[in-house]
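Shown below is the structure under consideration.
For the numbers below, each heavy atom of this structure counts, side chains included, while hydrogens, waters and symmetry mates do not. Owing to the predicted nature of the structure, the values given are computational and were not obtained by experimental measurement. A note on names: the letters A, B, ... follow the listed sequences, proteins ahead of strands, and every chain is numbered from 1.
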2 protein chains.
Amino acid sequence: MYRIGVMAARCGLKADTLRFYEKSGLLVPSSRNEAGYRLYNAADEAKLNFILRAKSVGFSLEEIAELLSIRLESAEHSCAEPKLITDMKLQQVEAKIKELEIFRSSLQKLSDSCCGGSESASHCSILEALDASDKEALC
Amino acid sequence: MYRIGVMAARCGLKADTLRFYEKSGLLVPSSRNEAGYRLYNAADEAKLNFILRAKSVGFSLEEIAELLSIRLESAEHSCAEPKLITDMKLQQVEAKIKELEIFRSSLQKLSDSCCGGSESASHCSILEALDASDKEALC
DNA sequence: CTTGACCTTGGAGTTAGGTCTAAGCTTTAG
DNA sequence: CTAAAGCTTAGACCTAACTCCAAGGTCAAG
Ligand SMILES: [Zn+2]
Ligand SMILES: [Zn+2]
Ligand SMILES: [Zn+2]
Ligand SMILES: [Zn+2]
């Protein structure tokens, strides 16, 4: 049974973060001592590791809460549910990547067009491209 | 000279957004009428289009403010400045893409491993992978 | 016994980019 | 003339995931 500071240190988090996870319904420590201190056991630590692994693949805390509730009563849920959550997240991530790839290619084009020298920016092609009424230039 | 609603409609924004841009120092309309109504002229609209183009390549409002201040007094700035801002943004975007690509491949692996069927989730390989003390499984 | 580290709570603050509300003018259409 | 639409302001609210603070209780070491 670890107190919050030890538990946090073991997992590389701050105590505040564990309190925040508790308030969010993600991880309620299994017990308290007489003084009201939170006490975390091995199962709590396993659950926290689940949370951290889920975070590391990009799930939001809300999605993790869903996954945890499925895990808790897995017999009453089907395989389709975690898969759906995963596939929806995958789609979001892919959409975001596509958006950022467009940013990247536009930025690369802007950067390439600019000499980057020390002379006046009054002819800078980055500023000109952003000013252009001709929208072709950016995409 | 357009009032705020017309200006917003012309650019596909809400009036609130224009007020927000003004409060942020991005776009202060060139005049007001006797009643205190904001009046935007063609130069204001050009500036707003600069802002929108800069947004469309991924610049934050803060970065756009910098670019605008360079644009305003371009003679006193060098080409190196817009290029530096652009290259820093490019690096941020590339870092974010890399992070999301790791998410994507992990999520794809999770999704592929799960049957997605209607039977019980108690053997679901997504939940198992997130539970695994073996960290290899996720990356 | 006291000092300092650790814990409790509720609640506020952070970032970014808006979005909305309320109370009260102004303008415009019928 | 009147009603509706549009404008003004200050300031609150939104998301996400924390992060920090204050005031006070607990606990271990010296
Ligand atoms: Zn140049
Ligand atoms: Zn340049
Ligand atoms: Zn299955
Ligand atoms: Zn499954």
Side-chain angles (χ1 to χ4, degrees), chain A residues 1-40 44 48 50-68 85 88-89 92-93 96 99-100 103, chain B residues 1-40 44 48 50-68 85 88-89 92-93 96 99-100 103:
Chain A
M1 302 285 257
Y2 317 121
R3 297 194 332 198
I4 195 169
V6 174
M7 180 73 165
R10 285 174 67 92
C11 299
L13 299 174
K14 298 188 173 187
D16 272 335
T17 304
L18 289 179
R19 289 190 202 99
F20 172 72
Y21 286 174
E22 177 173 354
K23 201 166 52 179
S24 309
L26 279 184
L27 181 65
V28 179
S30 52
S31 59
R32 299 268 182 138
N33 71 9
E34 327 80 52
Y37 285 24
R38 290 168 179 81
L39 295 174
Y40 296 85
D44 295 328
L48 181 52
F50 181 102
I51 292 168
L52 295 178
R53 267 180 232 110
K55 263 175 67 69
S56 81
V57 303
F59 287 117
S60 68
L61 297 188
E62 191 179 356
E63 290 156 347
I64 294 171
E66 275 191 87
L67 290 169
L68 281 171
I85 294 171
M88 281 173 27
K89 175 52 70 175
Q92 286 170 26
V93 166
K96 190 72 185 165
E99 184 191 9
L100 290 175
F103 288 173
Chain B
M1 302 285 254
Y2 318 119
R3 298 193 332 196
I4 195 169
V6 174
M7 179 73 164
R10 285 174 68 91
C11 299
L13 299 174
K14 297 189 174 188
D16 272 335
T17 304
L18 289 179
R19 290 190 201 98
F20 173 72
Y21 286 173
E22 179 173 355
K23 200 167 54 180
S24 310
L26 279 183
L27 181 65
V28 178
S30 53
S31 58
R32 299 267 183 141
N33 70 10
E34 327 80 51
Y37 285 23
R38 290 167 178 81
L39 295 174
Y40 296 86
D44 295 329
L48 182 52
F50 182 100
I51 292 168
L52 294 179
R53 267 180 232 112
K55 264 175 66 70
S56 80
V57 304
F59 286 117
S60 68
L61 297 188
E62 192 179 355
E63 290 157 346
I64 294 170
E66 275 192 88
L67 290 169
L68 281 171
I85 294 171
M88 280 174 26
K89 174 54 69 176
Q92 287 170 27
V93 166
K96 190 71 186 169
E99 184 191 8
L100 290 175
F103 287 172

**OP:** For Glu62(B) and dG18(C), give me the distance from atom CD to atom P, rounded to whole Å.
**Re:** 14 Å

**OP:** Would you kindly give the OH-to-P distance between Tyr2(A) and dC7(C), to the nearest whole Å?
**Re:** 15 Å

Subject >> Residue pairs, two or more places apart or on separate chains, that pass salt bridge (charged side-chain N to carboxylate O under 4.0 Å, His left out) and touch residues 57-67 of chain B >> reply: Glu63(B)-Lys89(B)

Original post:
Can Tyr21(A) and Thr17(A) be said to form a side-chain contact (heavy atoms from CB on, under 4.5 Å), step by step?
Top reply: CA-CA 6 Å; Tyr21(A) 286 174; Thr17(A) 304; 3.7 Å; yes

**OP:** Determine the contact category for Ser60(B): base if any of its heavy atoms lies under 4.0 Å from a base atom, sugar-phosphate if only primed atoms, P, OP1 or OP2 are that close, otherwise nothing.
**Re:** sugar-phosphate

Original post:
Whole Å only: how far is the CZ atom of Phe59(B) from the P atom of dA16(C)?
Top reply: 16 Å

Original post:
With Tyr37(A), which residues qualify under side-chain contact (heavy atoms from CB on, under 4.5 Å), at least two apart?
Top reply: Arg3(A), Asn33(A), Ala35(A)

**OP:** If a protein heavy atom is under 4.0 Å from the base, mark B; if only from the sugar-phosphate, S; if neither, -; do that for nucleotides 18-28 of chain D going 5' to 3'.
**Re:** BBB----BBS-

Subject >> With sequence neighbours excluded, residues passing side chain to side chain donor-acceptor pair (under 3.5 Å) with Lys14(A) >> reply: none

Original post:
Think Arg38(A) has a side-chain N or O under 4.0 angstrom from the OP1 or OP2 of dT8(C)?
Top reply: yes

Original post:
Atom CG of Leu18(A) and atom P of dA17(D): how far apart are they, to the nearest Å?
Top reply: 16 Å

Original post:
Looking at residues at least two apart in the chain, or sitting in another chain, which of them share a salt bridge (charged side-chain N to carboxylate O under 4.0 Å, His left out) with Arg10(B)?
Top reply: Glu45(B)

Original post:
For the pair made of CD1 in Ile4(A) and C1' in dA5(C), what is the distance, rounded to whole Å?
Top reply: 15 Å

Original post:
Closer than 4.0 Å, any side-chain N/O of Arg32(B) to the OP1 or OP2 of dT26(C)?
Top reply: no

**OP:** Find the distance Glu22(A):CD to dT9(C):C1' and express it as a whole number of Å.
**Re:** 12 Å

Original post:
With Lys55(A), which residues qualify under salt bridge (charged side-chain N to carboxylate O under 4.0 Å, His left out), at least two apart?
Top reply: none

